[in-house]
Every structure is written in C-alpha cells, then in structure tokens.
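The structure appears right after this line, and notes come after that.
Each chain gets a letter, A, B and so on, in the order the sequences are listed, and its residues count up from 1. Only this structure's heavy atoms are used, side chains among them; waters, hydrogens and symmetry mates stay out.
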Amino acid sequence: MMRVKVFVTPKEGVLDPQGHAIERSLHSLGYDGVTEVRMGKYLEFNFNMSSQGEVESRIREMCEKLLANPVIEDYRFEIQD
Amino acid sequence: MMRVKVFVTPKEGVLDPQGHAIERSLHSLGYDGVTEVRMGKYLEFNFNMSSQGEVESRIREMCEKLLANPVIEDYRFEIQD
Amino acid sequence: MHWGVIVFPGSCDEQDVHYCLSDVLGQKVKYLWHKDRLEGNWDCLVLPGGFSYGDYLRPGAMGRFSPIMQGVVEYARKGGLVLGICNGFQILCEAGLLPGTLVRNASLRFACRQVFLRIEESNTPFTCLGKKGMLLRLPIKHGDGCYYADPLTLERLRKEKQILLRYVDSKGKTSPSANPNGSLDNIAGVCNEARNVFGLMPHPEDAVESVLGSEDGLKIFSSLMNACSKGGRKAWRE
Amino acid sequence: MARVSTADFSHSPITPDVVASHGLTVEEYQKIENILGRDPNLTELGIFSVMWSEHCSYKSSKAYLKLLPTEGPGVLQGPGENAGVVDVGDGLAAVFKMESHNHPSFIEPYQGAATGVGGILRDVFTMGARPIASLNSLRFGSFEDARTAYLVKGVVGGIGGYGNCVGVPTVGGEVYFDETYNANILVNAFTLGLAKKGSLFKGRAKGVGNSLMYVGAKTGRDGIHGATMASEAFSEEAEKRRPTVQVGDPFTEKLLLEACLKLMEKDFLVGIQDMGAAGLTSSSTEMAERGRTGVELELSNVPLREQGMTPYEILLSESQERMLLVVKRGCEDKVKSIFSRWDLDAVVVGRVTRDRLFRALFHGTEVARIPILALTSEAPVYSRSTERPKDQDEVQRLDLKNIAEPKDLGTALKTLLDSPNLGSKEWVYRQYDHFVRNNTVLAPGSDAAVIRIKETKKGLALTVDGNGRYCYLDPYVGGLLAVAEAARNLACVGAKPLGLSDCLNFGSPERPEVMWQFSGVIQGMRDGCIALGVPVVSGNVSFYNETSGVPIYPTPTVAMVGILAKVERHVTPWFKSEGDNVVLLGSTREELGGSEYLKVFHGLVRGTPPWIDLKLERAVQRCCLKAIEKGILRSAHDVSEGGLAVALTECCVAGPGRPLGVRIELREMMRTDALLFGESQSRIIVSIEGKKLNRLREIAEKEGAPMHVIGEVGGTRFVVQPMIRLPVEELKTIWCNALEKRLQ
Ligand SMILES: Nc1ncnc2c1ncn2[C@@H]1O[C@H](COP(=O)(O)OP(=O)(O)O)[C@@H](O)[C@H]1O
Ligand SMILES: [Mg+2]
C-alpha cells in the first residue's frame with residue numbers, strides 16, 4: 001500500500017484571490033517579507049494496487065479527471081511506500 | 001530568499017467531509033484502491049528575512065495565527081533556499 | 001414542450017425550476033435522477049443550481065461524473081438544448097460542454113443580491129425573445145461565480161458572440177462595481193459554439209412572479225419555449 | 001491500533017474526582033446510587049452526566065418555563081417536542097424552533113455556527129416539515145476586541161456555508177455588538193418548516209418490538225462531553241481519544257433531509273428524532289420516555305468513523321447529521337432502500353422494549369442498564385435561589401440633568417448611524433442565500449421577512465428581536481419589550497402573530513443574581529405574550545454564558561412568526577414617493593435609559609429601559625395592521641434602537657433605489673436628544689398619500705392610537721426642523737459602511 005500526496009496549485013497567470021488575501025493579511029500581521037503567496041489544495045490518500053507498474057499513470061488519470069481542473073490548475077504528486 | 005511550502009490537513013479524528021466525498025467519487029470512477037482520503041490546503045510563498053535564525057519560528061507563528069486553524073487542523077512546512 | 005430537470009445529490013433549486021416551468025408556465029416537466037441513464041425525448045434539459053456533492057473539491061467537479069451526465073453530453077452534442085443555472089453552469093464547464101470555468105468570488109465571500117444583466121446576443125434559443133442591450137433584473141447567490149477563461153478562449157468567445165449576458169449597472173453599463181464576483185469582462189453567461197448549451201450564474205427561476213420582486217427570469221424560459229415552437233427554431237438560427 | 005477493552009472501561013473505579021469531572025454533585029451521585037441500587041459503571045455515569053446536565057434536563061429553568069403561556073387556538077404542538085407547531089390554515093402547519101450554539105461558536109466560529117444551523121434544521125425536518133426559512137440572532141463583543149472581527153467572519157461564514165448548501169433561505173436575523181459578549185458570543189439559529197397538518201411526526205418510541213434504526217453520518221469522537229477528558233480512565237491514549245470539535249457536513253445533511261422527507265411519505269415510520277446533544281443516548285431515552293417504553297441498543301452495530309471506540313464514546317458522541325428512527329417491524333429493508341438511494345447508512349441498532357429501561361449492549365454484553373424515567377422526568381430539578389444584584393439600584397439611576405445635550409445634532413446622528421449596532425447589516429445577509437425555494441417576498445432589510453405560502457394567497461412573516469442591555473437594566477421590562485418589539489415588527493409588514501420561539505441566554509444559574517434576572521425576564525415575556533396574545537411553542541435555554549465570573553447581559557431572543565392573509569398586501573419600511581405624508585403612530589416620551597445614544601455618545605449603560613403601556617402598544621400595532629389590510633400605507637417602520645432620527649433615516653436610505661429626502665417638524669417640548677434618539681416604545685413611522693390621511697385618522701381613532709403628521713417625503717436632504725439638515729446621500733453612505741468598514 002502506498003501513501004499518495006497530491007498538490008494542486010493555481011496555474012501561472014490565473015488569478016488567485018485567496019493567495020492574495022492571505023498575503024495581505026500576513027503583511028498586516030507584520031510579516032512583510034512574504035511575497036507571491038499561492039494557495040492550493042493538498043490531498044493525501046492510501047492507494048492499493050496489485051500491478052505496480054501503472055500506479056503513476058493511474059494517479060495521473062485521477063488528477064486529470066477529478067482532482068485538478070486543467071483550465072486553471074496544475075498538479076504534482078508524490079508516492080511513498 | 002526562501003521558498004516556503006505549507007501543508008495544512010484536518011487533525012486526526014476530525015471529520016473531513018470533503019475527503020470523504022472525494023473518496024466516494026474516486027470509487028465510483030473505478031479507483032477502488034483509494035482509501036483514507038484527507039483533503040487539506042497547500043500554500044507556497046517567498047520569504048525574505050534578514051536574520052536567518054528565527055525563520056522557522058516566524059513561519060510557525062504565521063501558521064498558528066493565520067494559515068492553519070489549530071482547533072481542527074495540523075500543519076507542517078518545508079523551507080527551500 | 002418537454003423539460004427535464006436533472007437532480008444531483010445536493011441540488012437545491014430543482015424545485016424552483018420545476019415550479020417555474022410547471023406552475024407558472026404550464027410546461028411538462030420531469031425530474032431526472034442523477035443515477036439514472038438519460039432516456040426519452042426531451043426538448044430541453046435543465047441543470048439546476050445548488051451544491052452538487054456539497055461543492056466539495058470544486059463546484060461541479062463531482063457532479064459531472066454522475067451517470068446521467070454521459071447521456072447529457074451526447075444529447076448536447078446532437079444539438080439538444082441544455083440550460084445550466086449556477087451550479088448547473090459549473091457542472092457544464094467541468095464537463096467540457098462550455099468553455100472556461102467558475103472560480104471563487106473575488107471578495108472570497110458568498111454573494112446574494114439582485115443584479116442587472118444585459119442581453120448581449122439574441123440569436124440563441126435562450127435569448128431569442130430578448131433584444132441586444134435589454135436589461136434583466138435577476139438574483140444571484142453563489143460563492144464561486146467568477147468566470148475565468150484563458151485569453152485565447154476569451155477572444156474566441158467574443159468573436160463567436162458566445163457571451164450572452166454581462167453584469168451591468170442599472171443604466172446598462174459594465175463597470176467594476178456592477179461586477180459582483182470579479183468575472184472576466186463582466187461575463188454572467190456563455191453559450192457553446194453551436195449555441196445549444198447555455199450556462200449562467202444568475203437565477204431566472206427565482207424571478208418569475210411579481211410577488212417575488214421581478215418577472216425578468218421569464219424572458220429566458222419563454223425564449224426557449226418560443227425556440228421550440230413551430231418555426232421558432234429557425235428564427236434564432238438566422 | 002490499541003483498543004481499550006470494554007471490560008476495563010466499565011469497571012474503572014468511580015472516584016469522587018471522576019464524579020466531579022462529570023459535572024455531577026455529591027448529592028446527585030447519591031441519587032444515582034439510590035436509583036440503581038448499586039454503583040454505576042463509568043458508561044452509566046457518563047449517561048447520567050449528560051442527561052442530567054443543564055442542557056438536557058433544564059434542571060434550573062424548568063420551574064420558570066412553566067410560567068410561559070404555551071396554548072392558543074392555533075397551537076398544534078407546544079414545547080416538549082423537537083419543535084413547536086402552529087396552524088396556518090389551508091391544511092398546513094408551520095413548524096419552528098430556535099436553538100443556541102454559543103460555546104462551540106466561540107471555540108471554532110465557522111464550524112460552531114454551521115453545526116448550530118445543522119442542528120436546528122434537523123429539529124424541524126424531524127417533525128415531517130420541509131425547512132423553508134431560517135433566521136439567526138447574533139451577539140458579538142465590541143470591535144475594540146481583537147477577536148471580534150474574526151468571530152463575526154467565521155460565524156457568518158458558517159451560517160451561510162451550511163444553510164446555503166442545504167438549500168434553506170436565511171431570510172432575516174439580528175446582530176449586536178457589546179463588550180459584554182467579548183468572551184461569550186451568542187449564536188441563536190432559528191428554522192421554520194412547512195408540513196401538512198395531518199402528517200406531522202413525533203419523537204416517540206412506540207410499539208414493543210419495533211426497530212431502532214440509525215441513519216446518516218458515521219459516529220466519531222466528536223464533542224464528547226468535555227468533562228471526560230479529565231477523568232482518570234481516559235489518561236491512557238488520551239491524545240488519540242481526545243474529543244474533537246464537531247465539523248459540519250451540509251452535503252450529508254441535505255441528503256439526510258431529502259431521504260427523511262421521502263421516508264415520511266411512506267407508512268414505515270413510528271417515531272423519529274435528531275441525535276443532538278448527548279447523541280444516541282438522549283435521542284433514544286427521550287423517545288422511550290414519550291412512548292412510555294424502553295430501548296435496547298446494540299452498540300457494535302453503530303456505524304463508526306474511527307477505530308477502537310468504546311461504548312462510552314459511542315453513546316455520548318455528538319457527531320452531526322445523524323437521526324434515530326423507530327421503524328415498524330418488518331419495514332427495515334424498505335427503509336434501507338430509501339436511504340441507499342441517497343448513499344446513506346441505515347442500520348438497525350436496537351429495538352423498543354416494554355421494560356421502560358435504557359439498556360445498551362456491546363457485542364452482546366450489557367454495558368448500561370438504567371430506568372428511562374431516571375434519565376428524563378425524574379432527573380433533578382432545582383429551585384435555585386434568586387437575589388436582586390446589589391448594584392441594580394445604582395445601575396438604574398440616571399439623572400438626565402447631568403447628561404449634556406449634543407450641540408450639533410446632525411453630527412450626533414451621523415455618529416449613531418456609524419455604530420455597528422445601528423448601521424446596515426447588509427455585509428452579513430449578503431452572505432446568506434435568501435432567494436432559494438422562490439418564496440421570498442421580503443428579503444433581509446425589512447422589519448420582518450415575508451415568505452409566501454405556495455398554492456395559497458397567504459404569507460408568513462418572521463422576525464427575531466431581543467435587547468440584552470434593556471434586560472440588564474430591568475429584566476422584567478426587557479423581557480416584555482423583546483416580545484412587544486417582535487410583534488411590532490410583524491405589524492409593520494402587515495402580519496398577525498401566530499406564535500414564538502425563544503432562546504434564553506444567561507450566565508450561571510448557580511449565581512442568585514443570574515436567576516433573579518432569569519425569573520424577571522420570564523415574567524416579562526409572559527406578560528408580553530399574554531397581552532399580545534402570542535403563545536410560546538418552543539425554545540431553548542443556554543446558561544453558563546460567563547467568563548471569569550462575569551455573566552453576559554441577560555439576553556433573551558424572541559423569534560416570532562406571523563401570518564398575512566394576503567401576501568401581496570405586505571408593506572416595506574422605506575419611503576416610496578415624493579409628497580407622501582410622514583406620520584408617527586404612537587408618542588415620544590422623554591426617556592434615554594438604556595439607549596444606544598447613551599452608550600455611543602456618553603459611554604453609559606444606565607437608567608431604566610423605555611416605558612411600555614401594553615394597551616397603547618396593542619392600539620398602535622392594530623392601527624398599523626388595519627391600515628395595511630386596507631391598503632392605504634406606502635411604508636411602515638418601527639422605531640427601535642437609535643430612536644426617531646435613526647428610524648427616519650432608515651426610511652430614507654434603506655430602499656433599493658436612490659435615497660429619498662424628508663422634511664420633518666416635531667412639536668413635542670422635551671430634550672432634543674430624547675426627542676431624536678430616545679427609544680420610546682410603541683412607535684411606528686408610516687408614509688401615506690395625503691388624500692388617504694383621513695382614512696388613517698379614522699382607524700387610529702377607533703383603535704385609540706395616537707397619530708401625528710410629522711412631515712413630508714421629498715428632496716435630497718434629511719431635514720428635522722430646526723436641528724438637522726444633511727444630504728441623505730451622505731447619511732446613506734455612513735449607514736451602509738458602518739459594519740463593513742470594521743470587517744475589512
Ligand atoms: N444576522 C442576520 N442575518 C440575516 N439578516 C439580518 C441579520 N441581522 C440583521 N439582519 C437584517 O437586517 C435588517 C435590520 O435588522 P435590525 O436592525 O435588527 O432591524 P429591527 O431593528 O427592525 O429589528 C432586518 O431585515 C434583519 O432581518
Ligand atoms: Mg431588532
């Protein structure tokens with residue numbers, strides 16, 4: 001069984017109002033050194049698959065079909081045994 | 001300047017309705033091997049600080065004050081130069 | 001005219017659409033359950049507003065995989081009329097039946113209010129009883145209504161005249177303050193290239209009787225009725 | 001994963017510390033021993049602890065609540081069920097209730113408020129009613145407190161996040177800010193549902209042998225009685241089994257709502273109840289009490305979200321979005337198939353028994369055995385001692401001679417309009433869907449919300465009111481005024497009251513001063529209800545709203561429901577047309593005690609709240625109602641906090657279009673601040689065409705309501721001769737931004 005971690009982030013150029021709002025709040029709390037905040041999603045799950053080989057391609061599928069919206073989001077994942 | 005990555009996840013035992021719904025949806029798409037989906041937030045930002053030493057404690061502060069909700073969420077972060 | 005209203009788990013406005021079509025407009029309407037396959041003959045399918053799958057992950061992301069959606073996609077590809085309202089719009093975008101997508105309101109807050117909309121094109125089955133430039137007053141109620149498409153897509157939408165509704169002020173002007181959610185180019189509703197699929201964020205079904213404050217929503221439904229009547233279909237295609 | 005064995009668990013020694021950490025007194029523990037004829041095990045102790053808690057047993061308030069009038073010709077169900085029910089005619093019934101979720105909302109504002117909404121929705125659909133409208137009554141600390149803005153954003157976000165997602169419109173509410181709530185915010189949520197009169201459901205476990213079925217979300221360690229954390233038995237693996245904050249899942253709630261309403265169309269159901277506070281334990285015991293039966297539960301059948309949960313935890317979990325059904329024997333599979341359509345769990349977890357015992361088994365071994373009545377009607381009841389606070393006289397003393405009248409009354413008005421208590425609440429209600437279900441005739445922004453009842457000509461009006469400051473200064477008068485103001489708000493839109501629900505938010509009942517306040521408020525509410533003919537059909541008490549020994553202001557909130565025979569005859573508060581006459585129904589007295597003006601301008605919370613003459617109140621309300629029924633009014637708005645000047649400003653600026661000016665002349669001889677900002681009761685500002693004035697005069701005379709023509713609508717200025725002359729646009733801007741600017 002593997003533990004999979006998926007990171008979904010707003011695509012470059014797509015506006016990120018949440019990241020923006022967080023940046024402003026951090027500044028108002030005195031953390032001026034913070035810039036270029038991007039806010040995304042983080043998913044973790046266990047994955048059980050018999051045939052080892054195609055694990056990566058299966059996860060890529062899940063991301064493209066469901067977990068990320070390719071119009072606005074990029075994704076990346078890590079697999080831990 | 002550093003690049004900081006923050007991972008915010010629901011605390012263990014705290015209900016995660018989103019993770020739950022995503023898990024069901026993945027099952028109905030045929031990905032039966034997926035279990036224990038947890039859905040969280042992922043943040044990236046640049047951080048500029050003069051005194052290297054206290055960087056970690058500053059980021060921890062930000063997480064506790066703003067980026068995570070300690071009542072229901074855990075957080076973890078990574079720093080890259 | 002036969003209308004089908006698709007019910008997703010978490011749909012909230014399906015009864016509003018049903019009431020508006022059957023009680024106010026005297027149409028034949030049936031609910032279609034998301035787990036069923038699409039069967040039968042329909043003149044128009046409506047994907048209602050609400051929070052399918054709780055809006056979890058992304059609005060519309062899971063609803064698009066409901067079993068019935070396969071049939072909806074085929075039906076649309078064959079030229080069938082599909083209207084997506086609010087969450088229905090979001091689902092249609094996720095399903096690839098409409099270009100672009102809807103993201104978090106710029107304010108990051110849910111927005112419920114009456115807005116003014118300007119009809120931008122009348123050569124569609126959804127707006128054929130309207131006139132270019134005509135104003136509608138309709139309610140909005142959404143947290144993720146900010147329309148986004150990449151620059152190329154946006155350019156194509158303008159060129160192909162697929163932008164059917166824009167948020168405007170009471171005088172009919174687009175302006176940042178008339179834009180309730182930060183949508184690109186004040187876009188409130190778009191159709192596909194073939195002009196048979198339309199998605200909009202405002203709720204025409206909640207503005208169909210004077211006692212509710214506005215009847216402007218009828219424009220959209222009666223346009224569809226007109227388009228489906230004898231000869232109507234031809235009219236909007238020209 | 002390590003498991004705590006049940007045996008170890010239930011045989012943990014019950015030390016005085018364990019008893020105390022369960023919030024039980026020594027006497028209460030002795031009573032438990034007497035009832036059982038033995039020592040309880042830890043599971044049983046936990047059960048007693050929650051069932052005898054103030055929250056479940058109403059042990060301090062029971063004696064007083066009896067004073068409230070709960071009957072009336074239209075009452076179909078008074079207090080005692082999951083929600084109250086009134087008849088609205090045409091074979092329909094309105095089902096409604098209000099509940100507090102104060103403490104959870106302070107700890108986690110978004111989830112606390114969200115789960116508060118979830119709970120009240122379940123209380124209503126449990127009765128077989130589809131929820132069609134919600135209200136919320138909120139109290140926060142002052143904006144000087146750093147946490148206030150955060151709490152406001154979280155609570156409002158949570159109410160919207162949950163209610164919107166479930167598809168129930170939030171059509172009204174109220175929000176106040178005062179230091180007294182800095183460390184104890186109030187979140188009171190109200191829901192109204194509509195049902196066919198003949199198909200109401202009750203929380204009754206009837207029919208020995210019928211099945212108890214658990215439906216909805218799985219059980220986790222959510223919100224298990226906080227006291228247990230401290231107990232010895234829990235130290236091991238403490239971190240893992242720490243009770244967790246409840247998180248709302250509105251999506252599951254929506255499915256549960258639809259599935260339950262579908263089930264209720266069939267003939268499988270005997271009783272149904274939401275698993276709210278004290279979860280499975282209280283829902284099953286309360287149903288058994290009402291059904292005069294017993295229950296037997298097999299806890300190993302309960303769907304669990306986490307591993308290693310003990311009977312104690314399963315019984316006391318407060319996981320959300322769960323219901324307990326009593327199902328006719330043999331119909332279980334049919335029930336399952338209905339719930340599976342919505343992908344929801346439905347499992348048999350027990351049965352109705354004859355023995356009038358609460359019995360819980362875990363894998364066949366009995367882990368608890370307690371007489372039902374010991375947990376319900378025989379729970380301790382206290383008559384707490386009461387004492388008038390020593391400083392009450394001092395607090396009520398207000399010598400107007402020492403209060404300077406403002407030199408510039410225009411500036412004073414602007415200062416008041418900028419108070420978050422008086423400014424527009426639009427920032428709040430923008431975040432609530434108030435259109436869904438297309439019934440909303442009057443959305444938030446009026447004196448009361450109005451929704452139409454489909455397939456009839458009728459409408460329902462809803463409002464919630466309560467002024468903690470008045471109650472602090474004089475509990476009796478404050479309680480009375482809350483009822484009077486709610487009824488007056490209904491009158492302003494043209495509705496007659498049908499009934500009310502309330503939340504009584506107070507400090508610790510163990511404090512005699514608090515009980516004195518409680519008793520006063522109840523008596524005031526009672527007299528108000530009797531005088532205005534409004535029964536109390538449901539409600540909720542929330543004690544222990546205090547921090548470091550300082551209780552909040554006694555704060556009852558009154559949610560009242562009224563009916564309009566012809567919904568299109570409703571009236572809105574704002575002026576409509578230039579040239580209309582402005583008329584004040586009622587009269588202004590020289591009084592400033594407890595006013596927002598005194599607080600904002602002079603920093604004082606003092607004096608006695610405004611005087612009320614119930615006969616006059618009735619006359620003014622009747623006059624307004626009659627005039628609306630006759631269709632002669634253009635607008636009606638009650639005068640409340642901020643007084644006449646603020647109410648008049650609202651009439652000018654609160655409408656959807658451009659603001660309208662007004663020109664007012666007041667003839668009363670009194671202090672200018674009392675005249676403009678005093679909060680005299682029983683006043684309604686109406687506007688009317690000149691040619692209809694005589695008809696209004698006739699009605700007013702007949703009803704005995706004082707009536708003064710005080711001015712005329714028109715122009716672009718807000719003019720009160722000779723004191724104030726300001727552009728209405730300027731006032732509108734101040735009023736609109738008062739709250740929003742504090743939440744940037
Ligand atoms: N928390 C809230 N939720 C929804 N609507 C609210 C809330 N607070 C205030 N409102 C709305 O704002 C308007 C003004 O409220 P309020 O000042 O309490 O009125 P009034 O003094 O007439 O009782 C009302 O229409 C009310 O329903
Ligand atoms: Mg009020």
Side-chain angles (χ1 to χ4, degrees), chain C residues 7-20 23-24 33-36 48-57 59 62-63 85-87 105 107-114 116 137-144 170 180 202-214 217, chain D residues 130 132 153 156-157 159-170 248-255 257-259 340-344 426-445 450-452 454-455 457 459 566-570 572 656-658 743:
Chain C
V7 184
F8 295 93
S11 288
C12 296
D13 298 279
E14 77 279 11
Q15 295 185 1
D16 299 22
V17 174
H18 193 288
Y19 170 83
C20 146
D23 294 56
V24 181
W33 184 237
H34 73 114
K35 284 184 184 172
D36 297 335
F51 292 75
S52 59
Y53 294 90
D55 268 5
Y56 296 155
L57 188 62
M62 295 185 233
I85 303 168
C86 198
N87 191 233
N105 292 351
S107 67
L108 299 180
R109 291 192 301 270
F110 191 91
C112 177
R113 54 185 267 211
Q114 297 275 0
F116 287 99
R137 196 162 154 271
L138 300 178
I140 56 161
K141 46 196 186 76
H142 58 244
D144 300 77
S170 59
H203 289 262
E205 78 282 12
D206 287 330
V208 290
E209 285 164 291
S210 59
V211 71
L212 302 179
S214 167
Chain D
R130 177 177 281 282
I132 58 166
K153 289 177 192 168
V156 171
I159 290 172
Y162 205 101
N164 298 347
C165 188
V166 176
V168 178
T170 301
D249 180 358
F251 173 53
T252 298
E253 176 102 342
K254 171 72 174 166
L255 303 181
L257 160 67
E258 298 301 335
S340 76
R341 185 174 161 84
W342 278 272
D343 298 318
L344 291 170
E426 187 168 326
W427 184 91
V428 174
Y429 59 72
R430 276 285 158 267
Q431 299 183 56
Y432 303 149
D433 181 348
H434 36 256
F435 294 116
V436 64
R437 304 209 63 76
N438 59 13
N439 293 326
T440 308
V441 175
L442 272 189
V450 175
I451 53 173
R452 57 104 175 260
K454 286 200 185 101
E455 288 165 25
K457 292 188 165 18
K566 293 206 182 85
V567 71
E568 77 277 6
R569 276 284 163 91
H570 70 272
T572 49
R658 281 165 45 83
L743 290 160

ask   = Considering only heavy atoms, which portion of D:Phe435 lies under 4.5 Å from any heavy atom of chain C: side chain, backbone, both, or neither?
value =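 Its backbone and side chain both get close to chain C.
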key: Under 4.5 Å from any heavy atom of chain C - which part of D:Asp343   = both
task = Locate the shortest heavy-atom distance separating C:Cys20 from C:Val208; write the atom from each residue and the value.
result = SG-CG1, 3.7 Å
Would you mind telling me which of [options] has the largest number of heavy-atom pairs within less than 4.5 Å of chain C?
{"options": "D:Arg452, D:Lys254, D:Lys153", "result": "D:Arg452"}
{"options": "D:Cys165, D:Ala443, D:Gly657", "result": "D:Cys165"}
{"options": "D:Val450, D:Val436, D:Thr440", "result": "D:Val436"}
{"options": "D:Glu568, D:Arg437, D:Glu253", "result": "D:Arg437"}
{"options": "D:Asn164, D:Val567, D:Leu255", "result": "D:Asn164"}

query = Can you tell me if C:Asn105 uses its side chain to pair, donor with acceptor, with the backbone of C:Pro180 under 3.5 Å?
reply = no
request  = For the pair C:Tyr53 and D:Phe251, name the ring-plane relationship: parallel under 30°, tilted 30 to 60°, perpendicular over 60°.
outcome  =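 Rings of C:Tyr53 and D:Phe251: tilted, 30 to 60°.
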ask   = Do D:Lys454 and C:Tyr19 meet the cation-pi criteria used here (NZ or CZ under 6.0 Å from the six-membered ring centre, within 45° of the axis)?
value = yes
C:Tyr56, part contacting chain D, at a heavy-atom distance under 4.5 Å =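 Only the side chain of C:Tyr56 comes within 4.5 Å of chain D.
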inquiry  = Need one label for C:Ser11: side chain, backbone, both or neither, based on atoms under 4.5 Å from any heavy atom in chain D.
reply    =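 Looking at C:Ser11, just its backbone touches chain D.
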key: Among the listed options C:Ala207, C:Gly50, C:Ala111, C:Cys112, the residue most often paired with chain D at heavy-atom distances under 4.5 Å   = C:Cys112
request  = Taking side-chain hydrogen bond (donor to acceptor under 3.5 Å, both in side chains) as the test, write out the residues that go with C:Asp16, two or more places apart.
outcome  =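 By the side-chain hydrogen bond (donor to acceptor under 3.5 Å, both in side chains) rule, C:Asp16 matches no residue at all.
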task = Check the pair D:Glu258 / D:Arg130 against side chain to side chain contact (heavy atoms under 4.5 Å, CB included), numbers first and verdict last.
result = CA-CA 9 Å; D:Glu258 298 301 335; D:Arg130 177 177 281 282; 2.8 Å; yes
Full working for side chain to side chain contact (heavy atoms under 4.5 Å, CB included) between C:His203 and C:Leu138 = CA-CA 6 Å; C:His203 289 262; C:Leu138 300 178; over 6 Å; no
